[in-house]
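Because only heavy atoms are used, hydrogens play no part in the values below, and waters and symmetry mates are left out as well, while side chains stay in. In what follows, residues are counted from 1 in the order of the sequence shown. Atoms within each ligand, like the ligands themselves, are counted from 1 in listed order.
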Amino acid sequence: MWSSAGKGQFPGIIDLYGSIGGLCEHRASLLAGHGFAVLALAYFQFEDLPENLSDVRLEYFEEALALMLRHPQVKGPNIGLIGVSKGADLCLSMAAFLKDNITATVLINACVANTLVPLYYKDLFVPELGCDQTKNKSGLMDLRDMWNNPLEEPNHQSLIPLEKAQGPFLFLVGMDDHNWKSDVYARIACERLQAHGKDRPQIIYYPETGHCIEPPYFPPPIATVHFVLGEAVFNGGKPRAQSRAQLDAWQRIQTFFQKYLNGEKPARHSKL
Ligand SMILES: *[C@@H]1O[C@H](CO)[C@@H](O)[C@H](O)[C@H]1NC(C)=O
Ligand SMILES: *[C@@H]1O[C@H](CO)[C@@H](O)[C@H](O)[C@H]1NC(C)=O
């Protein structure tokens, strides 16, 4: 848990990373420097958590939400979510199934379906979207074309009913994402929300940008070891464009959370 210096209460955010596993705190600590109370939440491969991800139980995330809402440094009654990759589809599931008290969700290269492992919550079961391993090319794994189409039968059972969420959503999309089709998924999310009479989400498309849109000045990794698939996976992106995207995304993330969690216009000062 990271929080801004000083007394008082700050808008609360839960921060989820993806299939790299473990506890990733750098984004949470940097966001805390901008007036938020941020919980970096590990969900596998950390301390007493399972070494491998075999399924996800949403009750664990519900507990984290409750913990945030009763934390003395968190300004309730609502909190925000930010997630990248598998962490982003978990944010969508949290927003859709836990819904109360989640009022701002930032999705960095999200899939609109539940990915990698099955999701359970009470008596609800959401299967994972599969991928076709025979489409694996040689060398670094390029997953982009391997995932099944979430809009086709029977894959649509993996779709997350994001229209049930309170919203709003901010989708940040790398147009050169090689982990999956984040651009296509963001459009599907937009169409689905509108078909249910909900507001359009805010979607920012970044050209020549890959899967891992990190805070400013973090070198974008060419590949990351995917602990669920046990392989190095190609992320895509060109360094110059990706660096620009990271600067822009960082401002947009803060503006979005300030607006929907704090009802304020943020001051633009330091770049980090
Ligand atoms: C959740 O939101 C509701 C409605 O705004 C509010 O009444 C309640 O106090 C919130 N819960 C917590 C734990 O802050
Ligand atoms: C994908 O291809 C690489 C390189 O040919 C191979 O080493 C790896 O085992 C394959 N992975 C899967 C999950 O099939």
Side-chain angles (χ1 to χ4, degrees), residues 1-17 23 25 27-43 46-49 56-84 87-108 110 112 114 119-124 126 160-171 189-190 192-194 196-202 252-266:
M1 172 87 179
W2 293 82
S3 173
S4 280
K7 289 210 173 85
Q9 293 187 312
F10 306 97
I13 299 169
I14 295 178
D15 182 332
L16 301 177
Y17 268 78
L23 180 64
E25 293 187 287
R27 184 169 61 203
S29 65
L30 289 168
L31 266 179
H34 291 275
F36 299 99
V38 192
L39 177 68
L41 186 62
Y43 49 96
F46 181 69
E47 292 187 350
D48 60 347
L49 291 167
V56 164
R57 300 204 169 253
L58 216 50
E59 283 84 352
Y60 174 76
F61 299 87
E62 189 174 38
E63 227 177 277
L65 179 64
L67 182 144
M68 283 298 272
L69 287 168
R70 22 168 228 274
H71 196 285
Q73 281 186 297
V74 173
K75 173 181 158 185
N78 297 306
I79 72 142
L81 306 176
I82 182 168
V84 57
D89 71 67
L90 283 173
C91 286
L92 279 180
S93 290
M94 286 177 77
F97 298 121
L98 307 177
K99 39 183 186 270
D100 289 343
N101 309 87
I102 298 173
T103 51
T105 305
V106 175
L107 305 141
I108 304 170
V112 276
N114 175 53
L119 178 93
Y120 297 91
Y121 179 53
K122 296 179 179 162
D123 46 15
L124 178 102
V126 185
I160 300 161
L162 68 166
E163 67 280 1
K164 291 188 179 165
Q166 292 189 43
F169 297 106
L170 168 61
F171 284 83
C190 182
R192 187 169 175 129
L193 287 169
Q194 288 193 287
H196 286 85
K198 298 281 180 148
D199 288 341
R200 288 170 68 95
Q202 194 183 340
R252 289 186 193 271
I253 290 165
Q254 290 171 56
T255 305
F256 180 82
F257 282 136
Q258 289 290 3
K259 182 170 175 193
Y260 294 107
L261 296 177
N262 224 4
E264 271 176 25
K265 290 224 154 50

Check: Between CG of L16 and CZ of R27, what distance do you get to the nearest 0.5 Å?
Finding: 8.0 Å
Notebook entry, point to check: Between atom CG of N262 and atom CZ of F36, what is the distance when rounded to the nearest 0.5 Å?
Noted result: 7.0 Å
Item checked: Interfacing atoms of ligand 1 (cut-off 4.0 Å, heavy-atom, L69) -> 13 (C), 14 (O)
Notebook entry, point to check: In the protein, what heavy atom is nearest to atom 1 (C) of ligand 1, and what distance, to one decimal place, separates them?
Noted result: N101 ND2, 1.5 Å
Next item on the list: Answer yes or no: does an N/O atom from N78 fall short of 3.5 Å to an N/O atom of ligand 1?
Entry: no
Check: Tell me, do L58 and Y120 make a side-chain contact under 4.5 Å, heavy atoms counted?
Finding: no
Next item on the list: Using modelled atom types only, decide if a donor and an acceptor are shared between the side chain of Q202 and the backbone of L170 within a distance under 3.5 Å.
Entry: no
Next item on the list: Would you sort out whether F61 and Y121 count as a ring-ring contact (aromatic ring centres under 6.0 Å, His included), showing the intermediate values?
Entry: CA-CA 10 Å; F61 299 87; Y121 179 53; over 10 Å; no
Next item on the list: Starting from atom 9 (O) of ligand 1, find the nearest protein heavy-atom neighbour and note its residue, name and distance.
Entry: P77 CB, 4.4 Å
Note to self: I'd like to know if atom 7 (O) of ligand 1 has any protein heavy atom within a distance of less than 4.0 Å.
What the structure shows: no
